[in-house]
Amino acid sequence: MNALIGVDVGATRISGGLVTPEGEVLAVEQRATHVRGKGTAVETLLEVIDATVAEARARGLRVEGIGVGLAGVVNVAAGAMVDFPRNHVR
């Protein structure tokens, strides 16, 4: 069976879901966005994805794709959202 991973990166929490192609949620992984301090969001994002992939493997599922939703632009080197006037996340 195949599955997909969807991740929402929020200002306070990163949530990842393991879902079927039909939209059934099989598992959820959540962590505080900046659990280790400012500038750690990208690291936390990757940990959530890794944990969700591990859950898929434990269930014998093949991950077909990963989608990530963000509220704006990310400076990957800084591991933080780029501050710009129309972005409500600071």
Side-chain angles (χ1 to χ4, degrees):
M1 184 164 134
N2 296 326
L4 303 162
I5 294 174
V7 184
D8 175 59
V9 179
T12 60
R13 184 174 312 259
I14 297 177
S15 301
L18 181 64
V19 299
T20 66
E22 296 75 33
E24 178 187 356
V25 178
L26 303 174
V28 175
E29 178 74 26
Q30 295 184 333
R31 305 222 175 137
T33 301
H34 301 284
V35 69
R36 284 175 299 288
K38 187 176 179 178
T40 62
V42 172
E43 184 178 334
T44 304
L45 168 63
L46 295 174
E47 289 174 358
V48 168
I49 292 170
D50 285 345
T52 309
V53 168
E55 178 66 25
R57 286 183 180 151
R59 293 171 178 248
L61 302 173
R62 180 180 170 269
V63 175
E64 288 188 331
I66 300 171
V68 179
L70 303 163
V73 179
V74 173
N75 177 333
V76 176
M81 298 291 292
V82 173
D83 187 22
F84 60 95
R86 294 182 187 218
N87 186 355
H88 70 282
V89 179
R90 302 214 187 273

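From a predicted model like this one, the values you see are computed outputs, not experimental measurements.
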Side-chain atoms of residues 4-14: list all donor-acceptor pairs with protein atoms under 3.5 Å, sequence neighbours left out, distances to 0.1 Å.
none

Inset, instruction - May I ask whether Ile66 and Val28 are part of the same hydrophobic cluster, defined by side-chain heavy atoms of I, L, V, M, F, W, Y residues being less than 4.5 angstrom apart, directly or through others? - result: no

Inset, instruction - Please list all pairs passing the salt bridge (charged side-chain N to carboxylate O under 4.0 Å, His left out) test where one or both residues lie in residues 47-59, with sequence neighbours left out. - result: Arg31-Glu47, Arg36-Glu47, Glu55-Arg59

Inset, instruction - Report whether Val68 and Val53 are members of the same hydrophobic cluster (ILVMFWY, side-chain heavy atoms less than 4.5 Å apart, transitive linking). - result: yes

Inset, instruction - With rounding to the nearest 0.5 Å, note down the distance linking NE2 in His34 to CD in Glu43. - result: 12.0 Å

Legend entry - Residues which pass side chain to side chain donor-acceptor pair (under 3.5 Å) with Thr44, listed by chain and number, not counting sequence neighbours: none

Inset, instruction - Tell me, please, which residues at least two apart from Glu24 pass side-chain contact (heavy atoms from CB on, under 4.5 Å). - result: Thr20, Leu26

Legend entry - Gap between atom OG1 of Thr40 and atom CG of Leu45 - 0.5 Å precision: 11.0 Å

Inset, instruction - Grab the two heavy atoms, one from Leu18 and one from Ala3, that are nearest each other, plus how far apart they are. - result: CD1-CB, 3.7 Å

